[in-house]
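Structure, as structure tokens:
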Amino acid sequence: MKPAARLPRPLLPLTAVVSVALVACGTETAGSGADRAELEARARAAQVAIENVYVTEVPGYEVAKQSVGVLGADGFSATYVKQDTGAQIRLGVDRGTMDAANCPKLPVGVGSGGTGGAVECVEDGKSWYRTSGTQHEYVTEADGRLVRIEADTAAVERDTLRKAAEAAHAASDAELDAVLPPARADAGQPVERGDLPPAGDGAPNNGVGVGG
């Protein structure tokens, strides 16, 4: 399992971001969030299928905006951090199914190669509680995708992990607006090269003389 990531920017509580609609441009007001077309464009820019964006609620934990990203081909991942202790709960959503046969075969760990140890699986309500090495996670199957809530066993108690799994849900438009990376004004625009000639085959002009 990869070590806890350093958090270079302040953490933003997801619930607070939703309630006051703080977006990157700072011009949105509560209740006027981004329209669906913009949200879908932002998801595509992040290479995430919008239906794979899930959020959860964990008392005392805040989503680290810089942790939000793609998982696998078009899945979604985010990390929730407890500010006073630095404990992390990782959420991951990707397409797949789970049963008693394949549960022990999938490594424990969101966005990692797993612990390398054996995986033990126990059914717990509608979810699977899985442990391996120093990691544990809850995995819930929902509409052809696996919603995974994972953490270090020494940092996060099983009961907290279970509650986070039970609270996980597909993001509403307001939650999508809060958690998806903001749209970039220059997205898709080619980078202007200063060393390209205005005509010809476009080869760089380095100002080199004969024999250079």
Side-chain angles (χ1 to χ4, degrees), residues 1-7 11 13-15 48-172 175-176 178-179:
M1 175 59 60
K2 60 185 179 183
R6 182 172 63 89
L7 303 175
L11 305 177
L14 179 59
T15 52
V48 174
I50 199 167
E51 64 271 19
N52 288 336
V53 181
Y54 273 57
V55 295
T56 189
E57 297 176 6
V58 191
Y61 285 76
E62 301 172 353
V63 65
K65 293 283 285 187
Q66 69 271 24
S67 73
V68 172
V70 65
L71 178 65
D74 62 359
F76 175 79
S77 66
T79 300
Y80 290 75
V81 181
K82 193 171 185 180
Q83 286 188 299
D84 58 349
T85 65
Q88 298 185 8
I89 293 177
R90 293 167 284 276
L91 177 151
V93 182
D94 207 355
R95 304 180 194 278
T97 59
M98 182 164 288
D99 55 28
N102 69 6
C103 183
K105 299 177 182 178
L106 179 68
V108 171
V110 174
S112 73
T115 65
V119 177
E120 296 184 7
C121 300
V122 177
E123 286 190 83
D124 189 342
K126 297 180 180 180
S127 304
W128 290 93
Y129 176 66
R130 296 160 19 95
T131 58
S132 179
T134 61
Q135 309 299 313
H136 61 161
E137 71 177 4
Y138 270 89
V139 180
T140 307
E141 188 174 338
D143 299 324
R145 58 183 58 85
L146 296 178
V147 182
R148 303 171 64 177
I149 304 291
E150 178 256 335
D152 298 344
T153 54
V156 180
E157 296 179 350
R158 176 176 175 177
D159 185 57
T160 300
L161 209 62
R162 181 193 296 110
K163 291 178 180 178
E166 292 172 347
H169 60 276
S172 66
E175 289 167 330
L176 287 167
V179 77

Next item on the list: Please list all pairs passing the side-chain hydrogen bond (donor to acceptor under 3.5 Å, both in side chains) test where one or both residues lie in residues 96-105, with sequence neighbours left out.
Entry: none
Item checked: Results of salt bridge (charged side-chain N to carboxylate O under 4.0 Å, His left out) for Arg95 - residues two or more places apart only -> Glu51, Asp74
Notebook entry, point to check: Under the salt bridge (charged side-chain N to carboxylate O under 4.0 Å, His left out) test, which residues partner Asp84, sequence neighbours left out?
Noted result: none
Next item on the list: Would you list the pairs meeting salt bridge (Lys or Arg N to Asp or Glu O under 4.0 Å) in which at least one residue belongs to residues 110-126, sequence neighbours left out?
Entry: Asp124-Arg158, Asp124-Arg162
Note to self: Taking disulfide bond (SG atoms under 2.5 Å apart) as the cut-off, I'd like each qualifying pair that reaches into residues 109-162, sequence neighbours left out, listed once.
What the structure shows: Cys103-Cys121
Notebook entry, point to check: Does anything in residues 63-95 pair up under disulfide bond (SG atoms under 2.5 Å apart), and if so which pairs, sequence neighbours excluded?
Noted result: none
[X]: what forms a side chain to side chain contact (heavy atoms under 4.5 Å, CB included) with it, not counting sequence neighbours?
X      : answer
Leu71  : Ser77, Asp94, Val110
Ala165 : Tyr138, Ile149
Ser132 : Val108, Thr115, Val119
Val139 : Met98, Arg130, Glu137, Leu146, Arg148

Checklist line | Which residues share a ring pair (Phe, Tyr, Trp, His ring centres under 6.0 Å) with Tyr54, sequence neighbours left out | finding: none
Show the nearest heavy-atom pair for residues [X] and [Y], with the distance to one decimal.
X      : Y      : answer
Asn52  : Gly75  : ND2-CA, 3.8 Å
Thr160 : Tyr61  : CG2-CE1, 4.5 Å
Pro104 : Ala101 : CD-O, 3.6 Å
Ala155 : Ala87  : O-CB, 3.9 Å

Next item on the list: Step by step, work out the side-chain contact (heavy atoms from CB on, under 4.5 Å) result for Val63 and Val55.
Entry: CA-CA 9 Å; Val63 65; Val55 295; over 6 Å; no
Checklist line | Close side-chain approach of Val68 to Phe76, heavy-atom, < 4.5 Å | finding: yes
Next item on the list: Please confirm whether the backbone N or O of Thr56 pairs with a side-chain atom of Tyr80, one donor and one acceptor, at under 3.5 Å?
Entry: yes
Margin query: If the test is side chain to side chain contact (heavy atoms under 4.5 Å, CB included), which one of His136, Gln135, Gln88 qualifies with Glu150?
Written below: Gln135
Next item on the list: Just jot down the side chain to side chain donor-acceptor pair (under 3.5 Å) partners of Thr140, sequence neighbours excluded, or say none.
Entry: Ser127
